[in-house]
Every structure is written in C-alpha cells, then in structure tokens.
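Data block below; observations after.
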Amino acid sequence: MTALLEVEGLVKHFVAERSLFGRALAHVKAVDGVSFSLEAGKTLALVGESGCGKSTVSRLVLRLIEPDAGSIRFEGRDLLALDASALRAFRRKAQIIFQDPYASLNPRMTVGQILTEPLALHGLVPSAQRHERVAELLRLVGLEPRLERRYPHEFSGGQRQRIAIARALAVEPKLIICDEPVSALDVSIRSQILNLLRELQDRLGLAYIFVSHDLAVVKHIADHVAVMNLGQIVETAEADALFSAPSHPYSRALLSAIPVPKPQAKRSRIVLQGEIPSALNPPPGCRFHTRCPYVIERCRTEMPQLVPDGIGHATACHRTSELPSSAAIVPSDGGFSPVLEKLVAAFSGGPEAVRGSGVSSLGTHPA
Amino acid sequence: MSGSPLIEITDLRIRFHGDDGRITHAVDGVDLSVANGATLGLVGESGCGKSVTSLAIMGLLPKQSAEISGAIHFDGFDLLKTPDQMLRDLRGNRLAMIFQEPMTSLNPSFTIGDQIIETILRHRGGSRKSARERAIDLLRRVHIPSPERRIDEYPHKLSGGMRQRVMIAMALACDPRLLIADEPTTALDVTLQAQILELMRELKAASGAAIILITHDLGVVAEVCDEVAVMYAGEIVERAPVDELFSAPQHPYTVGLLGSIPRLDHRTEQLATIEGMVPNMAQPPAGCRFAARCPFVLDACTKAPPPLIEVSPSHLSRCIRAPLERLVS
Ligand SMILES: Nc1ncnc2c1ncn2[C@@H]1O[C@H](COP(=O)(O)OP(=O)(O)OP(=O)(O)O)[C@@H](O)[C@H]1O
Ligand SMILES: Nc1ncnc2c1ncn2[C@@H]1O[C@H](COP(=O)(O)OP(=O)(O)OP(=O)(O)O)[C@@H](O)[C@H]1O
Ligand code: SF4
Ligand code: SF4
Ligand SMILES: [Mg+2]
Ligand SMILES: [Mg+2]
C-alpha cells in the first residue's frame, strides 16, 4: 500500500534576528531533517516539547509555508511541484483545525455562512443543494441543523470546535491536521471531540496528523507516534510499541512524566537536569546531549541518525542497544477501580442502565 | 489530615453585577478548609467559580462589580473584613498566588529580578544585595537556566513556561503559609510540569505550607493532592480524600469526569461524555444544577437543591442518590 503522505528530509529555518541592513544574523532551526509517512485512514501523532517544531511541520505539510529543503508527496504527487490549480485541488484534500476554535471562526459570519464558504470556493455542491449539505455537515458533527443561523459567540467551546471540524469536513478531505484540537476544552467536552474524531475517521477513512501535549490522549487516538526534539524526530513507532517500550532517552523522560489519575501510582520518573537548549543555537552532536542521563563523548560531536529496528520502530541514539531495559518507564494508572468501572458504564448507558431510575421525560436533557 | 485548618471558608457567595443589570451567581455557598501542610485540589468545569473563589481569598475581586458574603478565616483574620492595607501585607507574604495567566501578574516594564526583589524587600526588608541573591537562588530553584543572567531580563523575553516558573519563584519569595496555584502547569510540557509539581512538593515538605491547587488535569490532582473538592456551577458538589475520589466517586459529575479521560492502561473505543451544557448562572435552576446533564436524574432532583450530605465522615456529596454504589450493585 502506498502512503497517503510521504515526507522526506524536510527542513525549515526561520530568520530570528536581522542586522540593521537586513542581513540574517541568527536562524531558528525549527524543522531540521524530518521524514515520515502516513497511510490513508491512520493517525500519526507528533509529540515533543513546546517549540520543537510540531506546528511548523504541520504548516509545511499543508504548504502554508515553503520548506528550505526536502520533499512532500501527497497521493504520490510531489506537492512542491504543483501549479496553482493543482495546489487548489490539494487544499481541498488536506485541512487543519486549531487549538482555539474561536480565533479560527469569523465572528461576523453565521455558522451556515461559515460552512457554505468552502463549498462555494471549491465549487463542490450546486448552490441549490448547499443548504442541505450544511445541514448534513452539522449532523455529522452532532449539532442540530437549525443552529446554522447562529453566530460563533453563541456556542460553547466544544460546539465551536465541532463547527471548525464541520468546516474542515465540508471539502471532503483525506487528511486533517489537528493542532492541539482539544487543549482549550473542558475535560468533559474533550472526550466528545475525541470520540467524534475517531468516529469520523472510521466512517470517512480520514487520516490525521494529531499534535498534542497530552500523552494519554495521544495513546488513545494515535496509530503511530513521532517524538520530536528541537526540530528533529528522535523516535518513531506504533503507539502501543512506544508506550510499552520507549527507546530514546528523551522519549523515556517524556513518557515517565505523564501524570496519571491514580493516587500513589507506581512510577520511576526521570527528571531531566541541565539546560534546555534553544532551537536558535542547537548543540552539536545529539541535540539532547545537554540533558541526557546516558551521554557519552561521542554524543557531543556526532549526530545520531534515525535507525529502524526492522519492525517499525526507529530511534536516533548512539546507545540504543546499550540502554537499560525500558520496562516500567511509563507509569501505570491501573485503569478503573471495579466500582468506578460500573459507575462509568451506568453513566454512559443513560437512565436505563441505572437501577430504580424512574424518570425520562423531564425535558431536562438539552436538545 | 492533621492539625486545625489554616484557612476556613464558610458560606462564601460571590455575585457579579453586570452593566446590563444582569447578576451572575459565580459562587453560591461554598464551604472549604485546608489544614497546615495539606494540599487541596479544586477541580471543575470552566466557569464554575474556581478562580473567583481564589481571588476572593486574595482580596482581588473588583470592588465595584463583585458582591461578596460569608467568611474566610485565615491565620486569625477574617479576610473579607480585613482592611486593604493589611491585606496587601498578607499578600505575597503569608498568602501567595500563582495566577492562571502569568502575564497578568508580571509587569512588562520591569525586569523579573526587579519584581522579585521588590517583593522580598517589601515583606522581609534587608539589603538589596541580599534580596538579589535570594532572587537568583529562587530562580535557580524553579530551574531557570543561567539565573544570574536571566534575572535582568524583561518578561516578554521569556517563554511561556519560563514566565510560569518566574511567577512561582515570586510566590515562593517569602515562604507563604498558603499558596494558591491556579492552573500552574497547564501551559507546560510534561517534563517541565513534573519539575513544577516536584517543586510544590518540596515547598510543602520544607515549610509545611498549605496549597490550594486549581487544575483541570485529574492526573495532576492524583499526584499532588491530599483532598479534592469538585465544583460545579458555583457549588461544591463533592469533597473527598484523593484516594476515595478516584476509586469511589459519589457525585455523577465526578463519575462523568473520571470516565471521560483516556487511560494509559485501558483501551476503550469510546470515552464517557457529559452531554449538554452548564446552566446559565444568571438564572440557576431550582433543583440540582447538574440535573440537565445527569443520567441518574429523578423527579425529586429538580424540585429542591440537594444538600451536601456525608456519605462517610470525610466524603461529602451533593447528590440525593449517593451513595452511588447502590445504583450499580
Ligand atoms: N514565523 C516564524 N518566525 C520565526 N520563528 C518561528 C516562526 N514560527 C515558528 N518559529 C520558531 O520555530 C520553532 C518551532 O516552532 P513551532 O511553532 O513549530 O513549535 P511547536 O512544536 O508547535 O510548539 P508548541 O508546542 O509551543 O506549539 C520555535 O522555536 C518557534 O519560536
Ligand atoms: N470580573 C467579573 N465580572 C463578571 N463576571 C465574572 C468576573 N469574573 C468571573 N466572572 C464569572 O464568574 C464565573 C466564575 O468564573 P471563574 O473565573 O471563577 O471560573 P473558573 O472556574 O476559574 O473557570 P476556568 O476553568 O475557565 O478558569 C464565570 O461565569 C465568569 O464569567
Ligand atoms: S545519542 Fe547520546 S546524548 Fe543522544 S540520546 Fe543517545 S545517549 Fe543520549
Ligand atoms: S441530585 Fe439527581 S440530578 Fe443531581 S447529581 Fe444527583 S442524581 Fe443527578
Ligand atoms: Mg504548536
Ligand atoms: Mg479559572
């Protein structure tokens, strides 16, 4: 099976400082040699510290910004060689949703107008049928079609994110980039959006690039994970493989620090010492060497390459084979207690699942 | 939990009077207490009144629009009756807060060093030189790299995570008795978050300070809190020791919250969801405020506000169907 998206050696440096005469004095190596591929209908999560380049990769993949080097192939076609009309066609196939749904929705447009715009722009649906399509999109994301006359400010955060998702879906994309799509939402609303994203993936065969700093969410939603550090991928693997045996020292520290909802959880947290280097001036050799507990002399001068193990797990570290066992690095949250398990099932099952529940038609459940 | 409470809040009510004459019942009869050396987690839906409660403790609510009643006893004072001058002395000294938005409490036109040094001098006196040394030491304790250099930088030069840590350094400047931390790690990566939580644990161990930690991250609650209060629509709906809250919650809202977070050890296709929306706090419903979203609702729930009942001596729930085990056994 050929991949939907293939990214090879992507590089993007930003000018961070200019001289009085406009000469570039310093560069941020935001993305520095990133390669990955993504199959149709699958989810790749990008994780890593703030500023490691996750959003920049996302913008490059959508060609919202141009890379300095590297190639991006979408459905086998070189994205960087597309002419204007081919690029427009591509824009239909790849969409993005952001952390803050409010900022990305025009406050002066009704929901109906927001959803009609992409349909008209890409000439997708004859104007007579647009109204019906808008209603269909709203139903798809769990909103009532009658809400189309309202403005974004009349919705809650979770509803706004649904509208942003509906807008992305309007053009029937193959790929949606979700950049921190649930970080701004309440815990109780978050799960609705995560469930929705999964359900839409199953129904429509969507592929996602999912950027999140919540690693439990990543484990829940991703098929593959790429761990980034200072503009580079240091480890990539299937989600289950990464979470059961993280290999790179940075991934180990990251996963060991996940806070889990279990008091007195057993854990062996790796607390990193040393300075966080800046992307402005990344250290030579392995970019993690200033904080790595396993650093050796070679790490300070020679940059490790991402080496695949042959079964889908690749790590960029000189000492991969010598590191201690990675068992028990990811904390265990023990799942639900037996009582909680039953209570959650009853909560999700609605009134029928509860013993002695007498009511249904109070009209208290909001439409 | 041991010792007498360091802070005791009784029947706190906060109303906001809007320009249009609308009244928002932001906090509606909250009772809370925290013992010396204990950490209380405060969790709940956005807008349920967590920040407003902590601002009331700090005496920082806007006087013109906020109407406050009840009592907040802290260290021998009723903070709601304490004159402004004295409150100012308490703040930053025995009472410190880390705010949800670091930029709102860092002054952009002063270096971070000036701001920390100013706090130290105001509350503890001493020479500027020794205050500067202490400030550098504090910055080092919150893991700011090269603190000797960073101390002379302006807030806008720092990353979000660094600002957050500067705020923490400032809050620790005078060894507070009570530290209120409003979402102190939300903007941070897990590795930094782990460092900050470690720091708060250190503080507690070293000085016996009490902490009120506001967060939406139940993982963080499980890690650092002794007790948890769950708020919903201006009220406390559940209060319990941390173990009990996670193993046998007694309010349906808490059950929904715990069911909606993905678990590392538990692969589910579907997460639990809490359907519907929070009630409009200009006109709170007559009965249980969670009734519109509660799958366990009965007719009686909507007739009168449920009282906060003792499920066990340390475990309180504002649900007429508690203990909830009865519903599933
Ligand atoms: N337009 C730009 N000009 C200059 N520097 C930039 C620009 N965009 C991003 N950067 C820098 O590139 C680096 C990577 O940024 P990016 O936004 O991709 O990080 P991220 O991983 O998405 O971080 P976060 O988790 O905070 O969103 C950062 O150091 C950032 O400051
Ligand atoms: N200065 C103010 N004037 C009027 N209403 C206010 C003011 N500050 C807060 N409120 C209202 O009081 C209620 C409680 O707000 P609060 O900031 O305490 O929520 P919160 O629980 O901290 O939420 P979050 O998790 O989003 O921070 C909200 O309805 C809010 O809109
Ligand atoms: S290459 Fe060296 S410094 Fe880098 S992660 Fe591996 S052991 Fe650590
Ligand atoms: S009192 Fe009734 S509506 Fe309220 S939480 Fe309990 S069961 Fe649900
Ligand atoms: Mg980003
Ligand atoms: Mg708040």
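Every chain is numbered from 1 and lettered A, B, ... according to where its sequence line falls, protein lines coming before strand lines.
For the salt bridge (charged side-chain N to carboxylate O under 4.0 Å, His left out) test with A:Glu49, the passing option among A:Arg291, A:Lys54, A:Arg287 is A:Arg291; the others fail. Each of B:His251, B:Glu238, B:Arg293 was compared with B:Tyr232 under the side-chain hydrogen bond (donor to acceptor under 3.5 Å, both in side chains) criterion, and only B:Arg293 meets it.
Interface remark: of the candidates A:Gln159, A:Gln192, A:Lys342, A:Glu199, A:Gln192 forms the most heavy-atom pairs closer than 4.5 Å to chain B. Taking A:Gly51, A:Pro338, A:Ser332 one by one and counting their heavy-atom pairs under 4.5 Å with chain B, the maximum is reached by A:Ser332. Ranked by heavy-atom pairs under 4.5 Å with chain A, the first of B:Val43, B:Asp243, B:Ile144, B:Leu257 is B:Asp243. Counting heavy-atom pairs closer than 4.5 Å to chain B, the top-ranked of the candidates A:Ser256, A:Ala216, A:Pro259 is A:Pro259. When the candidates B:Gly259, B:Ala194, B:Ser247 are compared by the number of heavy-atom contacts under 4.5 Å with chain A, B:Ser247 comes out ahead. For the options A:Ser337, A:Gly158, A:Ser188, heavy-atom pairs under 4.5 Å to chain B are most numerous at A:Ser188. Interface remark: of the candidates B:Val221, B:Val242, B:Leu271, B:Leu271 forms the most heavy-atom pairs closer than 4.5 Å to chain A.
For the residue pair B:Gln250/B:Glu244, the side-chain donor-acceptor check at 3.5 Å is not satisfied. A donor and an acceptor atom, one from each side chain of B:Thr191 and B:Gln193, are nowhere located under 3.5 Å apart.
The local environment of CZ in A:Arg198 is crowded, with over 12 non-hydrogen atoms from other residues, nucleotides or ligands closer than 6.0 Å. Heavy-atom contacts from other residues, nucleotides or ligands closer than 6.0 Å to NZ of A:Lys219 number more than 12.
With a 4.5 Å cut-off on non-hydrogen atoms, A:Leu194 touches chain B through its side chain but not through its backbone. Using a 4.5 Å cut-off between heavy atoms, A:Ile270 does not touch chain B at all. With a threshold of 4.5 angstrom between heavy atoms, A:Val330 approaches chain B through side-chain atoms but not through N, CA, C or O. For B:Val190, the parts sitting under 4.5 Å from any heavy atom of chain A are the backbone and the side chain alike. For chain B, the nearby parts of A:Asp333 are the backbone and the side chain; heavy atoms of each come within less than 4.5 Å.
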Using the salt bridge (charged side-chain N to carboxylate O under 4.0 Å, His left out) rule, take A:Asp214 and A:Arg190 through it: C-alpha gap first, then chi angles, then the decisive distance, then the call.
CA-CA 11 Å; A:Asp214 187 328; A:Arg190 214 173 271 192; 3.7 Å; yes
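Residues A:Lys262 and B:Glu223 are not paired through a salt bridge, judged by the lack of any N-O separation under 4.0 Å between the basic side chain and the carboxylate.
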